[in-house]
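Fair warning: this is a prediction, and the values are worked out from it, not measured in the lab. Naming: A, B, ... by sequence-line order, numbering from 1 per chain.
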Amino acid sequence: MSAASAKAASSPARTPTARARITAVTSGKGGVGKTFISVNLAAALARQGRRVLVLDADLGLANLDVMLDLVPKITLHDVFTGKSSLEDAILPAPGGFSALLAGSGMVEYSRMTPEVRDQLLQVIDTVAPRYDHVILDTGAGISDVVLYAVSLADEVLVVVTPEPTSMTDAYATIKVLASTQARTLVKLVVNQTRRHGEGRTVCQQLQQVIDRFVNPGLATAVRLELMGQVPLDIAVRDSVLRRQLLLESLPGSPAALAVAAVGTRLLD
Amino acid sequence: MASALQLDTALQLLRQSGHGLPAGTPGSEAWLQSLIDSLVDLSSRDALTGLANRRSFELALAREIDRVARAGEPALLLALDIDHFKNVNDTYGHAAGDLVLKAVGSVLMDCVRPMDMVARVGGEEFAIVMPNCPAAFGEAVAERVRRRVEAMPVNIGLSQTIQVSVSIGGAFAPQWVRSSPALWIERADVQLYRAKAQGRNRVCLEPSAVSVVSAEEKALLFGISQFQDIE
């Protein structure tokens with residue numbers, strides 16, 4: 001700390017600014033609760049006094065606005081096309097955090113181009129100093145947009161459910177991230193679990209296959225860290241249908257408590 | 001001010017390397033620029049083979065990885081190592097070893113396009129950076145290099161020739177993704193070790209379709225199924 005302030009004093013033009021921790025939330029398979037986890041995790045972090053921004057990095061098929069019941073007049077699309085400033089596109093969300101929505105105009109950005117790459121990078125570089133935490137809610141699949149968004153993050157959180165299709169896609173995602181981005185730590189949230197300990201089983205199962213098929217080919221092995229399991233809970237369905245944050249509408253429900261615990265774990 | 005400059009060693013180095021001395025009036029700006037250009041060239045080449053040295057290779061790699069991330073063009077990095085090079089040195093002496101290094105360096109230069117960079121990055125280690133190399137061509141290019149080295153007799157003096165081979169590892173730069181030269185080198189090196197481990201004189205490229213999950217992987221993933229006991 002003293003070294004940093006000494007450096008700041010000696011060169012005021014290049015003051016080192018604190019930068020938000022950037023967490024990419026991804027899953028491989030769609031429909032496993034990626035956006036649900038992103039927004040409720042953001043609310044959990046905000047509740048702990050963190051300044052949080054959720055960025056809709058699912059440029060092709062954004063649904064953060066639906067989840068948060070927001071009707072944005074200005075979106076990332078307007079920022080990318082130069083119609084609006086970034087400041088005007090950042091909205092206050094119900095859970096005490098900020099949201100930067102992609103909007104439906106982003107369909108044309110579902111493929112990565114040099115322009116999208118530079119603009120996304122610029123947006124992240126601009127918002128990072130203003131928040132404690134930026135959550136990138138990425139799209140489904142392992143597209144180049146998803147991989148690029150994840151490459152900008154300090155840490156990656158993979159959402160998986162205990163179903164074979166979700167586990168296969170989560171495994172493929174981890175494999176690609178390990179081999180092309182040298183991720184050595186991947187955080188895992190197991191969503192929609194049906195019994196106690198199922199999250200741990202899913203995590204161990206994935207780790208076992210990684211140890212056998214992925215790690216031998218890598219210079220540094222990939223390790224999964226289980227951040228928590230979120231139980232299958234009817235309250236989740238209710239809150240999504242009512243387009244409310246679970247942490248706001250039913251904070252005492254089992255799923256809400258579990259997401260809050262993931263938030264605490266993430267800050268450890 | 002030129003008279004105050006200590007240029008003797010620089011000029012001596014250029015003469016020794018066969019670079020020729022700078023043209024123009026000694027001490028003039030043009031003459032100094034020409035001298036600096038020659039020194040820059042000298043410091044970016046490997047003295048023995050004349051190939052790019054490790055320093056300029058790393059610069060080229062950083063430039064290329066930025067371009068790949070920016071434009072999404074595929075680029076291939078090959079890491080090459082002469083097989084059993086220590087035996088050559090031990091059996092025929094270091095002078096013969098040097099001739100082998102030169103011969104391999106020159107055949108590598110013959111195998112690539114003008115836009116590609118061939119570098120000597122260590123003792124018997126070489127690297128080739130190939131911009132704009134589509135994934136489908138990677139294997140063919142690397143295999144051609146391997147065959148050309150294998151087919152080349154190296155004259156080590158006294159009408160004695162020997163045959164050498166190379167092991168080659170390769171990896172493509174991740175398109176659109178922010179990566180680092182160090183990681184790219186590491187990925188190519190991992191493949192090089194694989195080629196060595198599989199018996200040398202072969203090419204191993206990083207499998208491009210890493211997102212494909214094989215039947216074996218699935219079997220292990222669901223082998224001890226936790227799904228059976230869900231009511």
Worksheet item: Is any NZ, NE, NH1 or NH2 atom of the basic residue among Glu216(B) and Arg212(A) found under 4.0 Å from an Asp or Glu carboxylate oxygen of the other?
Response: no
Taking every heavy atom of Gln205(A) against every heavy atom of Leu220(B), the minimum-distance pair comes out as NE2-O, 3.7 Å
Original post:
Considering residues, nucleotides and ligands other than Met109(B), do more than 12 of their heavy atoms fall under 6.0 Å from its CE?
Top reply: no
In this structure, CZ of Phe222(B) is separated from CE of Met167(A) (nearest 0.5 Å) by 5.5 Å
Q.
Can you confirm whether Lys218(B) sits close enough to Tyr171(A) that some side-chain heavy atom of one is under 4.5 Å from a side-chain heavy atom of the other?
A. no
Contact between Leu221(B) and Thr168(A) at the side-chain level, heavy atoms closer than 4.5 Å - yes or no?
yes
Applying a strict 4.5 Å limit to non-hydrogen atoms, the region of Glu217(B) in contact with chain A is both
Within a 6.0 Å radius of atom NZ on Lys102(B), are there more than 12 heavy atoms belonging to other residues, nucleotides or ligands?
no
Heavy-atom neighbours of Gln122(A) CD exceed 12 at 6.0 Å: no
On a heavy-atom basis, the closest approach of Ala219(A) and Val190(B) is N-CG2, 4.4 Å
Check this for me: Arg200(B), atom CZ, are more than 12 non-hydrogen atoms of other residues, nucleotides or ligands nearer than 6.0 Å?
yes
Phe85(B), CZ: over 12 other non-hydrogen atoms inside 6.0 angstrom | yes
With a cut-off of 6.0 Å (strictly less than), are more than 12 heavy atoms of other residues, nucleotides or ligands near CD of Glu29(B)? no
Pair count under 4.5 Å, heavy atoms only, with chain B: among Asp118(A), Val214(A), Leu206(A), Val150(A), highest is Asp118(A)
